[in-house]
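This report refers to the structure that appears directly beneath it.
Just so it is clear, the structure is predicted and the values come from calculations on it, not from any experiment. Chain letters run A, B, ... following the sequence lines, proteins first and then strands; every chain starts at 1. Just so it is clear, the values below take in all heavy atoms, side chains as well, and ignore hydrogens, waters and symmetry mates.
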Number of protein chains: 2
Amino acid sequence: MAARQLTIIFLTRAEENYIKTIFHLGGNKSQLISTNAIAEQMETKPSSVTDMAKKLAEKKLVNYIRYQGISLTGAGIKTALSIIRKHRLWEVFLVKKLDFTWDEVHEVAEQLEHIKSEKLIDRIDALLDYPKYDPHGDPIPTKNGEFLVRDKQLLSELAIPSSGVCVGVKDTSAAFLKFLDKNQIALGHEITVMEKEVFDDSLKIKIGERVLQISNQIATNLYVKTES
Amino acid sequence: MAARQLTIIFLTRAEENYIKTIFHLGGNKSQLISTNAIAEQMETKPSSVTDMAKKLAEKKLVNYIRYQGISLTGAGIKTALSIIRKHRLWEVFLVKKLDFTWDEVHEVAEQLEHIKSEKLIDRIDALLDYPKYDPHGDPIPTKNGEFLVRDKQLLSELAIPSSGVCVGVKDTSAAFLKFLDKNQIALGHEITVMEKEVFDDSLKIKIGERVLQISNQIATNLYVKTES
DNA sequence: ACATATTTTTAGATTTGTCTAAATTTTTAT
DNA sequence: ATAAAAATTTAGACAAATCTAAAAATATGT
């Protein structure tokens, strides 16, 4: 058994942010991501992305083909998962231990995810009793980079009538999350879809004893898990 | 009542580290600190300190007189206290909640102290039940920048025989802290000085039922508080 | 007091990460 | 197929934070 990685390569904050963004844009599945797409996501310029692509390619973290695009190497994927793991564990910590609301966690977790200490994140993981999902329902990669993908569907895709348990959100903007808080819709709640309005695709749903009418835009941003 | 500070000025990590170092070197009491002293402490070059001194003077955080030295302004002291507060609260968190040993906390706290979120540090403070001292016995500034200075003296300065409670360490190196752990000397322990060896100034001390012989170097790095 | 040593600053260079503007390559539309 | 549009890269510049080497100011010793 050869050691997997003898030298822990140091990455700057900027490098880590690029790796993370490429992962989120799908650069793991050997799919090539355009510099434009990365630039837009990161609110920077395509020329800056090109510069960084060369740098990360040097470090064997990405595959970069000029004019074609960028994808993550195995090492790049491992790095991305480690950053995402930290981000999501910190989010759980903020919500469970410090009573942050789920719309407040992202900004702070963006900073905390760059703290370099394996012991720290492992102890946080233990303190939280090894959570599998973050406050938005997204899976937390394990220390070994395993990633539980939960099967789930959009509330808008449910048969009518039927029901499921809320397990995540697609849109994680503060505006959407605050809307959910205000309407007492949270992870774990059982949601029953009663009727769909043909005119605007809005849904009449039931949560516990409460009946509410939600727009299609809401329904296409809430994930539920059904019995299967 | 005018607002104390309307604009939260953004400081880079480097700027924060300079402010903190100047504070620790005594640059609060309108004492001028030399660029050489700062450079040595920060393991950088005096010319780099000069550059930063100009930059911080621009931002009204330090008073800088060419060829004379650098001291903190009121705003600079406030900034320093805020960083030290964060550092020490994170140290307490690491020890109390994540079972770090006191020689492990410094390096991680150096990173965590730069996280920008007032809500985060206030919630950590509350989670820890508003501690007054960090794991090395150093006082934690309050949110308003108040600083409890505890009267304490070095173990080596105690009359013989007499006793005091261990309240802090002067040297915070990993080597010294590990030594203390190994010999089960910790904050809160009552230490009785029994005899001083005239030859090498080593001390015979008693902690609980244990009697041990400690060198002068140890005795000059342990703080105790006596009845007074 | 004055020569020498020390400290501090200046000037110019380097690295990282970014930008703009121009050049190049790829894609799209007719 | 080829001209126009879109995407991407290159070249050159900039700010932040650092460095080295040289110049300037201050401190020290006899």
Hey, does the side chain of B:Tyr67 come within less than 4.0 Å of C:dT6's phosphate (OP1/OP2), counting only N and O?
-> no
How long is the line joining NZ of A:Lys59 and P of C:dT15, in whole Å?
-> 14 Å
Is there a side-chain polar atom (N or O) of A:Tyr18 under 4.0 Å from OP1 or OP2 of C:dT18?
-> yes
What integer distance in Å separates A:Gln68:CD from C:dT24:C1'?
-> 14 Å
For B:Leu32 and C:dT8, give me the distance from atom CG to atom C1', rounded to whole Å.
-> 14 Å
Nearest-angstrom distance from the residue atom CD of A:Glu15 to C1' of C:dT16 | 9 Å
Does any residue of residues 37-52 of chain A have a heavy atom under 4.0 Å from DNA chain C, and if so, which ones, in number order?
-> A:Thr44, A:Lys45, A:Ser47, A:Ser48, A:Asp51
Under the side-chain hydrogen bond (donor to acceptor under 3.5 Å, both in side chains) test, residues paired with B:Thr101 that sit two or more places apart = B:Asp103, B:Glu104
Should B:Thr35 be listed as having a side-chain N or O under 4.0 Å from OP1 or OP2 of C:dT8?
-> yes
Can you sort out the partners of B:Lys54 under side-chain hydrogen bond (donor to acceptor under 3.5 Å, both in side chains), two or more places apart, ordered by chain and number?
-> none
Less than 4.5 Å apart, any side-chain heavy atom of A:Arg85 and any of A:Lys143?
-> yes
Salt-bridge contact B:Glu16-B:Lys116 (side-chain N to carboxylate O under 4.0 Å) | yes
Look at B:Asn36 and C:dT8 and indicate whether a side-chain polar atom (N or O) is within less than 4.0 Å of OP1 or OP2.
-> yes
Any side-chain N or O of A:Arg66 less than 4.0 Å from the OP1 or OP2 oxygen of C:dT24?
-> no
For residues 44-51 of chain A, which side-chain N or O atoms pair as donor and acceptor with protein atoms under 3.5 Å away, sequence neighbours left out?
from, atom 1, to, atom 2, distance (Å)
A:Thr50, OG1, A:Pro46, O, 3.2

Who passes side-chain contact (heavy atoms from CB on, under 4.5 Å) against B:Gln153, sequence neighbours left out?
-> B:Glu157, B:Leu158, B:Val224, B:Thr226
When you check the phosphate oxygens OP1 and OP2 of D:dA16, does a side-chain N or O of B:Arg13 lie under 4.0 Å from one of them?
-> no
Nearest whole angstrom, please: distance from the P of D:dA7 to the CD1 of A:Ile33.
-> 16 Å
Just to confirm, is there a sub-4.0 Å distance from OP1 or OP2 of C:dT8 to any side-chain nitrogen or oxygen of B:Tyr64?
-> no
What residue pairs, at least two apart or across chains, pass side-chain hydrogen bond (donor to acceptor under 3.5 Å, both in side chains) with a residue in residues 130-140 of chain A?
-> A:Glu91-A:His136
